[in-house]
2 protein chains.
Amino acid sequence: MEKQTITIYDVAREASVSMATVSRVVNGNPNVRPDTREKVLKVIEKLDYRPNAVARGLASHRTTTVGVIIPDITNIFYASLARGINDVATMYKYNIILASADEGKHKVNTVLESILAKQVDGLIYMGQNIDDSTRKELDRSKTPVVLAGTVDPTAKIGSVNIDYVAAVKEATARLIASGNQHIAFVTGPLNDPINGQYRLKGYQAALAEAKIAYDESLVFETEYSYRAGEAVWDAVKHAGATAAIVTDDELAVGFLNGGVDTGVKIPEDFEIITSNNTMLTEIVRPKLTSIAQPLYDIGAVAMRLLTKMMNKEEIDQNTILLPHSIITRNSTRSK
Amino acid sequence: MEKQTITIYDVAREASVSMATVSRVVNGNPNVRPDTREKVLKVIEKLDYRPNAVARGLASHRTTTVGVIIPDITNIFYASLARGINDVATMYKYNIILASADEGKHKVNTVLESILAKQVDGLIYMGQNIDDSTRKELDRSKTPVVLAGTVDPTAKIGSVNIDYVAAVKEATARLIASGNQHIAFVTGPLNDPINGQYRLKGYQAALAEAKIAYDESLVFETEYSYRAGEAVWDAVKHAGATAAIVTDDELAVGFLNGGVDTGVKIPEDFEIITSNNTMLTEIVRPKLTSIAQPLYDIGAVAMRLLTKMMNKEEIDQNTILLPHSIITRNSTRSK
DNA sequence: GCAACAAATGCAAGCGTTTTTATCTATCTT
DNA sequence: AAGATAGATAAAAACGCTTGCATTTGTTGC
């Protein structure tokens, strides 16, 4: 007694129609007489027939599945994007194949290959820089791709982000306005253009506008993690900084606690602005002033854009910038 | 110039062998002469052939895909489990179809149906109580299922957890030992047996052992969220509690801040023990004493168990309890 | 009542693999 | 040297569905 599956053929026989008709009913094709539709539906119900998505995928070349590449699912930033992606995907009846491509363990290209083999209809890519081999792999597959919270300096690939340059510039200017001359830039990997190009540029632009010399020794590159934040505090302090822009909330929270735990008064003696406005910014004391990105929306809009691509709809704008703002909390002195 | 896919047939022709032989090579079947294997591999390389997983799935009845049902991907608890699941899945060459089934928006059964339609080889289920209709759906599909961090009182379905009864009992006893007579039990949904049966039982057992009467007005049922934690603080305080067991870290962190922000001294005036030992417990001040669950491992072991089921290996133990402990931090008075 | 047309249905060829069965080809045995 | 045996390979039938095309049925107008 094996897993006795009932197929479209069984339904067809039982309803005395052809497989084609059953298929039409199942797929909501309007070219079916109401009474035959009724009849078929009744048999489907009776036999408890469930279409096999794999067979469907093979026959139709559409799997109603999208791949989502995420660097670290436990990082609230990415998880929040994923939530938006998921909701919109569900809305449009797509399933998500999730794969994490954390720098170390799972190499992007391997992961990508396994996802593409599954014939996904589209792909959302988050995190990390896209290198040439990855780009080539994507091109070759001809699968629509959208980057979420991730930047492609060549603007070849569709993407949804905020204006990182402007956001960081504003944040930095804010710190300058409150009297800081030595502002640290505490960042994740600089080889990710989002940091190394966009955010850094905003930081530099604000300095330049205030005629403060850019000092490379105030740039601290580390990884996105709580521990890394704690660990980098001392170095930043010793470099003489009196404020910092931090490019990730986990990192910022670790950094903040690194300071707080050594008795530094924040914001009185040191100001911090972080970048993602996740729940973490509200959990710590003092609460963190943050650049606010519409995380959920970035994910949602990215997925929506992808659905358009998959439907071969006309896309007017494939590089989307969503609005940002700065939420003032208690890690900065009121201005 | 459509997406010109090259198939196993192309490879076979080019290498002047049959499709069957190519298939054997691709699948590492040993019954191929080394020189033919070589020849075929060369052609595969040359044509840059990639097997189509969908066709494979249809022909072999194995998709090398597992479904993962998660209540809320932004909750670090579940995300941590997912990380463990993902790593082991990747190790065994499975892809993950992720679907979130948050109580409200996405109904479990709908989600389940769409995942099962995709012919997943197995399923990891997290969160929420499994009701009869869900159970029926699972049974009918004959797909192996493992619960991760989720309990099935009937023990019919494989699962990986800690001993919640014992853990909560210990934690409660600890609070009793430090002098508390009125200990609140701040919990997520009680209709989830993990709360309503296991944890509550542990809480009651500790009280009973200390001859403290169980007082239902000290049980606070709410949802797993930061806001909910903040919101419930007042009620708990007014109920006269001097300590609390909280069953989720986000909830606990909100609860803690609810207290801290109203000037209550923790742990001097109020003690808190939370349940998941996620990063959040270290981020807040004071840091939270917590029951420690091996989150990553729960996910990893669950996935490993699932692989065994999918291989139809003999399972000696389908209800697995991993060890727990209590990590003492600063939300409890040293004992 | 019949031609002309549109709507509904059926037929059957795929989709790209795996897998069973059969066929071949070496290599041993004695 | 012939028969036996095991290992390689080939042929072809699934797998469960979609879809283009052909055919049938039903409708409409005159």
Side-chain angles (χ1 to χ4, degrees), chain A residues 2-41 43-44 47-65 93 114 116-121 141, chain B residues 2-41 43-44 47-65 93 114 116-121 141:
Chain A
E2 267 309 291
K3 202 165 171 177
Q4 166 70 29
T5 50
I6 51 165
T7 74
I8 202 172
Y9 176 78
D10 300 316
V11 176
R13 183 168 29 70
E14 188 81 6
S16 7
V17 297
S18 73
M19 288 163 52
T21 300
V22 177
S23 176
R24 287 189 195 101
V25 169
V26 169
N27 293 297
N29 184 313
N31 286 0
V32 182
R33 272 216 331 267
D35 54 330
T36 37
R37 177 187 309 281
E38 208 52 44
K39 180 174 62 177
V40 171
L41 285 175
V43 174
I44 286 179
L47 300 186
D48 197 13
Y49 163 73
R50 317 285 182 99
N52 177 324
V54 174
R56 240 143 109 129
L58 182 58
S60 67
H61 298 287
R62 296 190 62 239
T63 55
T64 59
T65 299
K93 312 280 190 204
S114 87
L116 291 176
K118 292 269 157 70
Q119 312 297 116
V120 292
D121 297 334
S141 78
Chain B
E2 266 311 291
K3 203 165 171 176
Q4 168 69 26
T5 50
I6 51 163
T7 74
I8 202 172
Y9 176 77
D10 300 315
V11 176
R13 184 168 28 71
E14 188 81 6
S16 10
V17 296
S18 73
M19 290 163 49
T21 299
V22 178
S23 176
R24 286 190 199 97
V25 169
V26 169
N27 292 296
N29 184 313
N31 286 1
V32 182
R33 275 217 327 270
D35 54 332
T36 33
R37 177 188 309 282
E38 209 52 45
K39 181 173 62 176
V40 170
L41 284 175
V43 174
I44 287 179
L47 299 186
D48 197 14
Y49 163 73
R50 318 285 183 97
N52 177 324
V54 174
R56 237 135 102 128
L58 182 59
S60 67
H61 298 288
R62 295 191 62 241
T63 54
T64 60
T65 299
K93 312 281 189 204
S114 86
L116 291 175
K118 291 270 157 63
Q119 312 296 115
V120 294
D121 297 335
S141 79

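Proteins get letters first, then strands, A, B, ... in listed order; numbering begins at 1 in each. In this text, all values refer to a predicted model and were calculated from it rather than measured experimentally.
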Query raised in the report: Are any of the side-chain heavy atoms of A:Lys118 and B:Val54 separated by less than 4.5 Å?
Result: no
Query - Interatomic distance where CD belongs to B:Gln119 and P belongs to D:dG16 [whole Å] - result: 9 Å
Query raised in the report: Using rotation axes that map the C1' atoms of four end pairs onto the next four (five pairs an end), what angle separates the end axes of the helix from C:dG1-D:dC30 to C:dT30-D:dA1, to 10°?
Result: 30°
Query - Footprint string (nucleotides 6-17 of chain C, 5' to 3'): B base within contact, S backbone only, - free, heavy atoms under 4.0 Å - result: --SBBB--BBBB
Query - Donor-acceptor contact below 3.5 Å, side chain B:Ser60 vs main chain B:Arg56 - result: yes
Query raised in the report: Hey, does the side chain of B:Asp121 reach the backbone of B:Arg62 with a donor-acceptor pair shorter than 3.5 angstrom?
Result: no
Query raised in the report: If only atom types and distance count, is the side chain of A:Thr63 paired as donor or acceptor with the main-chain N or O of A:Gln119 below 3.5 Å?
Result: yes
Query raised in the report: Any sub-3.5 Å donor-acceptor pair from A:Thr21's side-chain atoms to A:Met19's backbone N or O?
Result: no
**Report entry** B:Arg50/B:Asp48 ion pair, N-O < 4.0 Å
**Finding:** yes
Query raised in the report: Under the 3.5 angstrom rule, does the side chain of B:Asn29 hit a backbone N or O of B:Asn31 as a donor-acceptor pair?
Result: yes
Query raised in the report: Got a sec, which residues hit salt bridge (charged side-chain N to carboxylate O under 4.0 Å, His left out) with B:Arg13, two or more places apart in sequence or on another chain?
Result: B:Asp10
